[in-house]
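Worksheet: one structure, shown below.
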Amino acid sequence: MSSSEVAVEQGRESGLKPIPGPILLLGAPGVGKGTQAKELVKLWGIPQISTGDLLRANVGQGTSLGRVAKEIMGRGELVPDSLVDEMVAVRLQQPDTANGYILDGFPRTLGQAGWLDGRLAKQTQGLPVVAVSIQVDYNQLLRRITGRRNCPVCQRIYNVYSHPPQQAGFCDVDGAALAQRADDTEQVFKERMRAYSSMTAPVVDHYRELGRFAEVDGDRPIELIASGIVDAVERLRK
Ligand code: AMP
């Protein structure tokens with residue numbers, strides 16, 4: 001029996017829900033990877049690891065990684081693989097990743113995918129990674145990105161077009177002034193889309209060729225997308 005079959009079997013024997021294992025959420029900027037990752041966290045109790053959030057935390061704390069990443073992120077380009085891989089390696093050492101994790105926004109290059117595959121191949125236990133990509137069309141993404149605002153206090157996300165706050169510019173819950181991510185402008189969005197097409201689209205092909213890939217339609221209500229992802233993961237795990 002392979003290590004993945006053992007893990008599934010152990011889940012069955014213990015009467016618990018099957019262990020989710022490592023899951024990659026792929027997709028262009030603004031498709032809703034972060035929102036969906038949070039839905040899956042609630043469902044499966046495994047952590048979301050967002051490389052964008054980790055990088056922004058480093059920028060906020062002014063670490064040496066943050067100082068390098070800030071300019072690159074501001075231009076909508078990708079932070080070098082070696083820096084991102086190291087950051088992910090440190091996060092994956094945390095014990096909360098034992099039953100799986102949702103990688104949100106990683107891998108974004110074939111180099112990162114190779115690094116992750118190599119790391120997982122060294123583990124004798126555990127399920128193989130599966131990748132799910134969320135699909136949304138370009139014009140819809142542009143509206144989502146340029147309309148996105150967040151509350152710096154409670155982290156709620158709004159959209160000036162599709163989910164505006166009651167009072168423009170202020171959070172419904174705590175009244176804080178809403179903020180816009182520096183890279184959520186149209187100009188930077190276009191650069192992020194270029195980086196996605198040239199660097200991340202090959203990652204999708206890589207997992208497709210391995211037979212561990214599925215696509216879900218991201219232009220639907222949040223719960224429907226989440227159940228589409230759950231179905232896809234279960235199918236890929238069979
Ligand atoms: P996100 O929040 O996922 O849209 O990421 C915001 C920005 O962080 C991206 O435009 C990149 O500059 C950087 N970033 C996030 N994840 C990665 C990654 N896996 N590799 C390289 N750069 C990344």
Side-chain angles (χ1 to χ4, degrees), residues 22-38 40-41 47-92 101-120 129 131-136 138 140-152 155-159 179-204 206-207 218:
I23 295 159
L24 312 182
L25 274 189
L26 305 176
V31 293
K33 297 186 292 291
T35 304
Q36 287 304 320
K38 288 185 178 65
L40 300 174
V41 165
Q48 168 193 14
I49 303 177
S50 155
T51 45
D53 286 351
L54 290 174
L55 287 166
R56 277 185 288 279
N58 275 275
V59 171
Q61 289 154 14
T63 64
S64 53
L65 167 60
R67 285 196 295 276
V68 176
K70 187 175 180 190
E71 303 257 305
I72 301 171
M73 292 168 77
R75 291 196 298 269
E77 294 168 10
L78 294 183
V79 176
D81 287 355
S82 57
L83 300 179
V84 182
D85 294 350
E86 173 60 23
M87 183 180 78
V88 171
V90 170
R91 180 62 185 87
L92 290 182
Y101 43 87
I102 300 150
L103 271 170
D104 156 10
F106 183 93
R108 259 179 159 94
T109 66
L110 277 180
Q112 293 175 11
W115 173 84
L116 182 68
D117 291 352
R119 189 190 156 94
L120 292 172
V129 77
V132 179
S133 175
I134 307 173
Q135 298 297 116
V136 175
Y138 184 94
Q140 172 83 263
L141 290 180
L142 182 62
R143 269 166 63 94
R144 286 195 191 185
I145 288 276
T146 55
R148 179 157 64 183
R149 302 289 183 275
N150 65 290
C151 172
Q155 316 306 328
R156 268 188 182 66
I157 312 256
Y158 296 88
N159 189 290
Q180 183 176 24
R181 269 172 52 175
D183 58 349
D184 273 353
T185 62
E186 181 166 353
Q187 194 192 353
V188 180
F189 168 73
K190 287 185 174 155
E191 188 48 52
R192 288 161 72 196
M193 282 302 282
R194 260 195 292 278
Y196 180 79
S197 308
S198 64
M199 310 295 282
T200 311
V203 174
V204 166
H206 169 72
Y207 288 106

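All of these numbers come straight from a predicted model, not from anything done at the bench. Order of appearance sets the numbers: ligands from 1, and atoms from 1 within every ligand. The first residue of the sequence shown is numbered 1, and numbering continues consecutively from there.
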Electrostatic pair Arg148:Asp183 at N-O distance under 4.0 angstrom: no
Separation between OG (Ser82) and CE (Met87), nearest 0.5 Å, reads 11.5 Å
Here the pair of heavy atoms bringing Ala37 nearest to Leu25 is N-CD1, 3.7 Å
- Message: Please determine whether any non-hydrogen atom of Arg56 lies less than 4.0 Å from an atom of ligand 1.
- Response: yes
Asp53 to ligand 1: N or O pair under 3.5 Å?
no
heavy-atom search around atom 22 (N) of ligand 1 in the protein gives Val79 N, 3.1 Å
key: Contact (N/O only, under 3.5 Å) between Leu78 and ligand 1   = no
Going by heavy atoms, is Lys33 under 4.0 Å from ligand 1? no
One should read off an interatomic distance between Arg108 CZ and Thr51 OG1, to the nearest 0.5 angstrom, of 5.5 Å
The residue among Val41, Leu24, Ile49 that forms side chain to side chain contact (heavy atoms under 4.5 Å, CB included) with Ile102 is Val41
One finds that the ligand 1 atoms under 4.0 Å from a non-hydrogen atom of Glu77 are 11 (C), 12 (O)
A student checking ligand 1 against Leu55 at a 4.0 Å heavy-atom cut-off should list atoms 8 (O), 13 (C), 14 (N), 15 (C), 23 (C)
Closest to atom 16 (N) of ligand 1 among protein heavy atoms sits Thr51 OG1, 2.8 Å
Between Tyr196 and Phe189, ring centroids under 6.0 Å: no
Under 4.0 Å from one or more heavy atoms of Gly105, ligand 1 contributes atoms 16 (N), 17 (C), 18 (C), 19 (N)
Interatomic distance, CZ@Arg119 vs CG@Leu92, rounded to 0.5 Å, equals 5.0 Å
Within 4.0 Å of some non-hydrogen atom of Arg192, the atoms of ligand 1 are 4 (O), 10 (O)
for atom 15 (C) of ligand 1, nearest protein heavy atom and its distance come out as Arg108 NH1, 3.4 Å
A student checking ligand 1 against Met73 at a 4.0 Å heavy-atom cut-off should list atoms 7 (C), 8 (O), 12 (O), 13 (C)
Near Gln112 (heavy-atom distance under 4.0 Å), the atoms of ligand 1 are 18 (C), 19 (N), 20 (N), 21 (C)
Interatomic distance, CE@Met193 vs CD@Glu186, rounded to 0.5 Å, equals 12.0 Å
- Taking Thr109 for its side chain and Met199 for its backbone only, find out whether a donor-acceptor pair lies under 3.5 Å. no
With heavy atoms and a 4.0 Å threshold, my read on which part of Arg181 contacts ligand 1 is side chain
